[in-house]
Amino acid sequence: MKYSKGLTIAGVIIGFVLLLLVVAGPILSSYLKKYIEQKSNIQVEIIQVNILFGTVKFENIKLSETILNETKISGVIKSVHINHLGLIKYLFHKDISICNIAVSEAILSVELMPGDTSENADMEKEFPAITIDEFEILNSHFNASTYKKDSLKLTIDHLSIDNLQYLSSNILLDAVAFSLGEAYYQTTNGKYHIGWSKAFCTAGENTILFDSLSAIPVFEAQKFFDKEVYQTDRFSLFIPEVELLTSTGDFNSANYAFKGSAILKNGHLQVTRDKNIKRKENDVKPTLQEVLKSSPLFMELDSLVIESFKISYGEIAENEKLYGIVSFDSLDAVISNLKSGKISNGNLTIDAQALFMNEGNLKAHFEFPYDKNYFDCNGSLNNLEFIRLNQVSVPLSKVNFSNGKINKLMFNFRADTDSSRGDLLFYYSNLNFAISCNSRGDTSNFKSRVLTFIADDLVVSDGNPDKNGNVSKGIIREARNRERFIFNYMWKSIFSGVKSTVLNNAVKTNKKRWKS
């Protein structure tokens, strides 16, 4: 009898507890709904709490300019399901463990605000430790923007994170997998769409693949420059194949957001500039080291490999309408130790080779110390017919080459924030040219003949070495124009050595002429 009576009492207690849990669920659901809507700009149509199974379901969530740590969030979420919420563990250990969180069909806008506008600025200090076995986002759309109105629109078909932890304001995770749909980035004045298609990351494989990566101007060239107040470059980039390799364990650090390596294949970068537009005064450009070290995003790439790229740069000279074009074809390059943010240390190096103007063999090596504000550059250019340079020399400087060959050009210099210094060897032969009267290359009129006669007296066509085997060495000396980018600085430095070689030959020959 006692045994039977004990079972009865136990059954009553269990039944009472189960009844309490069943009754407590709706009560807790109602309380939670009221609490959320009172404490924030969030409305939830349905909340269901099941204490017995530790699940919480939120249906039809609407966020109206909710501010969270300098971020304004608005939009709608169809559902959020939290499975196996460890309420008991929270009561005893003040940390939260969750088996799974699934967010479905979210349409959210996120705006990064200037400064600390958060109503909950110290909220991180109150957060307990959180562990989530799996976090999922399904079929959702995000529009992230800054207070400057730059924006990124992104479609997430599926994203999952395994073993996500929040400990002492640091986020740690083990594995990420995702499939992304359409995306684009738009600047303040809407000049560019930047995006990708079919981005994949499979958990455990540590590889992120993009079918394509692009940065395409919204407006064609003429309309683009008509809208510009000051002179600037117009970029257009398309990369069919992008592969990022990362060890997901390397996300477990507060020092950087991404670590690994990257491979970019078969890309095409087009850059154009119209010099008829006025330049912005005192528009000082930072050095490459200054750009990387000041970045708010932390990155550490052991290597960035570029394969089979094409880069073309087109420029319209003042009072002209035709582009002068420089091209680099079949470009292969390796950028090593690429870092950004406060972790920048050591040396960034670049080794590159390409066909210059689709003919000359160009090789170059660059070294940028992160703790200094200079860079070293050395390289060579071989086997280029001068006539190939007419694409750029005629529209920009009205020099029309009819003969001659660059046999070998070797350069070596150091460039700091003030000037570049180095040396150059320029071997060329059979140089012959004329000065045109316009950017179309017309050299037949009287004006062109006079200009050609004067220029020919300064530049000797015999070549280097001369007929007697004497070699002229060039000197690289170029003051830095702080309002121009690093590529302009490199080109002007090398050209200063070429000019000193050619004019040195001219002086020698003219001395012979004067003596005779």
Side-chain angles (χ1 to χ4, degrees), residues 187 191-192 215 217 221 224-225 227-237 269-295 311-320 322-328 331 333 335 348 350 352 354 356-357 362 364-370 372-379 381 389 391-393 395-399 409 411-422 424 439 474-500:
T187 63
K191 289 185 297 190
Y192 292 93
F224 178 96
F225 291 121
K227 287 179 170 291
E228 291 300 317
V229 178
Y230 298 107
Q231 195 177 128
T232 187
D233 289 323
R234 176 182 182 270
F235 294 89
S236 177
L237 174 66
L269 171 63
Q270 292 178 297
V271 186
T272 52
R273 175 181 285 260
D274 188 347
K275 286 194 168 182
N276 290 295
I277 303 174
K278 65 180 180 180
R279 292 190 61 84
K280 184 178 181 180
E281 294 183 4
N282 300 318
D283 184 21
V284 177
K285 300 296 190 296
T287 65
L288 179 60
Q289 291 96 320
E290 290 170 342
V291 171
L292 292 173
K293 293 175 72 173
S294 63
S295 172
I311 298 178
S312 58
Y313 177 78
E315 187 175 281
I316 303 176
E318 293 181 15
N319 302 316
E320 298 292 347
L322 298 179
Y323 282 98
I325 299 175
V326 176
S327 65
F328 301 86
L331 171 64
I335 304 173
L348 166 68
I350 303 174
F356 180 60
M357 307 302 285
L362 176 65
H365 173 81
F366 305 91
E367 197 153 331
F368 297 84
Y370 284 108
K372 305 291 183 182
N373 227 357
Y374 67 79
F375 67 89
D376 291 320
C377 175
N378 63 75
L381 173 64
L389 298 177
Q391 295 180 59
V392 60
S393 63
L396 297 186
S397 59
K398 298 183 176 62
V399 177
L409 174 68
F411 50 88
N412 182 27
F413 63 91
R414 171 169 290 186
D416 57 29
T417 55
D418 298 316
S419 64
S420 59
R421 299 165 299 282
L424 177 141
S439 60
I475 299 174
I476 294 176
R477 293 287 188 276
E478 183 68 21
R480 182 195 172 197
N481 184 343
R482 295 174 180 267
E483 296 184 2
R484 299 300 297 269
F485 288 109
I486 185 174
F487 303 104
N488 177 269
Y489 192 17
M490 291 176 183
W491 159 246
K492 289 290 183 68
S493 297
I494 295 173
F495 183 70
S496 71
V498 171
K499 185 167 60 176
S500 72

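All figures in this text were calculated on a predicted structure; none of them were measured in a lab.
- Here CG of Leu424 is found 5.0 Å from CG of Leu409. Values are rounded to the nearest 0.5 Å.
- One finds the CD1 atom of Ile335 at 5.0 Å from the CD1 atom of Ile350 (value rounded to the nearest 0.5 Å).
- The backbone N or O of Tyr374 lies less than 3.5 Å from a partner atom in the side chain of Gln289, making a donor-acceptor pair.
- Looking only at distances, no side-chain donor or acceptor of Arg273 sits under 3.5 Å from a matching main-chain atom of Tyr313.
- No donor-acceptor pair under 3.5 Å is formed between the side chain of Asn378 and the backbone N or O of Phe411.
- Applying the ring pair (Phe, Tyr, Trp, His ring centres under 6.0 Å) criterion to Phe413, with sequence neighbours excluded, gives no partner residue.
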TODO: Determine, step by step, whether Arg279 and Arg484 satisfy the side chain to side chain contact (heavy atoms under 4.5 Å, CB included) criterion, reporting the C-alpha distance in whole Å, the side-chain angles of both residues, the deciding distance to 0.1 Å, and the verdict.
DONE: CA-CA 10 Å; Arg279 292 190 61 84; Arg484 299 300 297 269; 3.2 Å; yes
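- Note that CG of Asn319 is 6.0 Å distant from CG of Asn276, once rounded to the nearest 0.5 Å.
- When atom types are taken as modelled, the side chain of Ser496 and the backbone of Arg477 share a donor-acceptor pair closer than 3.5 angstrom.
- Partner Lys275 forms a salt bridge (Lys or Arg N to Asp or Glu O under 4.0 Å) with one of Glu228, Glu318, Glu315 and no other, that one being Glu315.
- One finds a salt bridge joining Lys285 and Asp283 here, because a Lys/Arg side-chain nitrogen approaches an Asp/Glu carboxylate oxygen to under 4.0 Å.
- With sequence neighbours excluded, no residue forms a ring pair (Phe, Tyr, Trp, His ring centres under 6.0 Å) with Tyr370.
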Open item on the list: With side chain to side chain contact (heavy atoms under 4.5 Å, CB included) as the criterion, how do Ile494 and Leu381 come out once you've worked through the C-alpha distance, each side chain's angles and the decisive distance to 0.1 Å?
Closed with: CA-CA 11 Å; Ile494 295 173; Leu381 173 64; over 6 Å; no
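- Side-chain atoms of Phe356 and Leu389, non-hydrogen and from C-beta on, do get closer than 4.5 Å to each other.
- Here the shortest heavy-atom pairing between Leu331 and Ile311 reads CD2-CD1, 3.4 Å.
- You'll find the side chain of Val326 stays beyond 4.5 Å of the side chain of Trp491, heavy atoms only.
- The NZ atom of Lys293 sits 9.0 Å away from the OG1 atom of Thr287 when rounded to the nearest 0.5 Å.
- For the pair Arg421 and Asp416, the salt-bridge criterion is met [side-chain N within less than 4.0 Å of a carboxylate O].
- Of all non-hydrogen atoms in Pro395 and Tyr323, the two that sit nearest each other are CG-O, 3.3 Å.
- Using bins of under 30°, 30° to 60° and over 60° for the plane-to-plane angle, the ring pair Phe375/Tyr489 lands in the perpendicular bin.
- Atom CG of Asn488 sits about 9.0 Å away from atom OG of Ser493, to the nearest 0.5 Å.
- Of all non-hydrogen atoms in Phe225 and Thr232, the two that sit nearest each other are CE2-O, 3.7 Å.
- Across all non-hydrogen atoms, the minimal contact from Gly474 to Ser500 is CA-OG, 3.2 Å.
- The two atoms that bring Glu483 and Asn282 nearest to each other are OE2-N, 3.0 Å, heavy atoms only.
- Separation of atoms CD1 (Ile316) and CG (Leu322) is listed at 8.0 Å; rounding is to 0.5 Å.
- Taking each heavy atom of Asn373 and Glu290 in turn, the nearest pair found is ND2-OE2, 3.0 Å.
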Open item on the list: Please determine whether side chain to side chain contact (heavy atoms under 4.5 Å, CB included) holds for the pair Val271 and Phe487, giving the CA-CA distance in whole Å, both sets of side-chain angles, and the decisive distance to 0.1 Å.
Closed with: CA-CA 12 Å; Val271 186; Phe487 303 104; over 6 Å; no
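- For Ile486, the CD1 atom is densely surrounded, since the number of other residues' heavy atoms within 6.0 Å is greater than 12.
- With respect to Arg480 and Asp418, no salt bridge is recorded, no charged nitrogen being found less than 4.0 Å from a carboxylate O.
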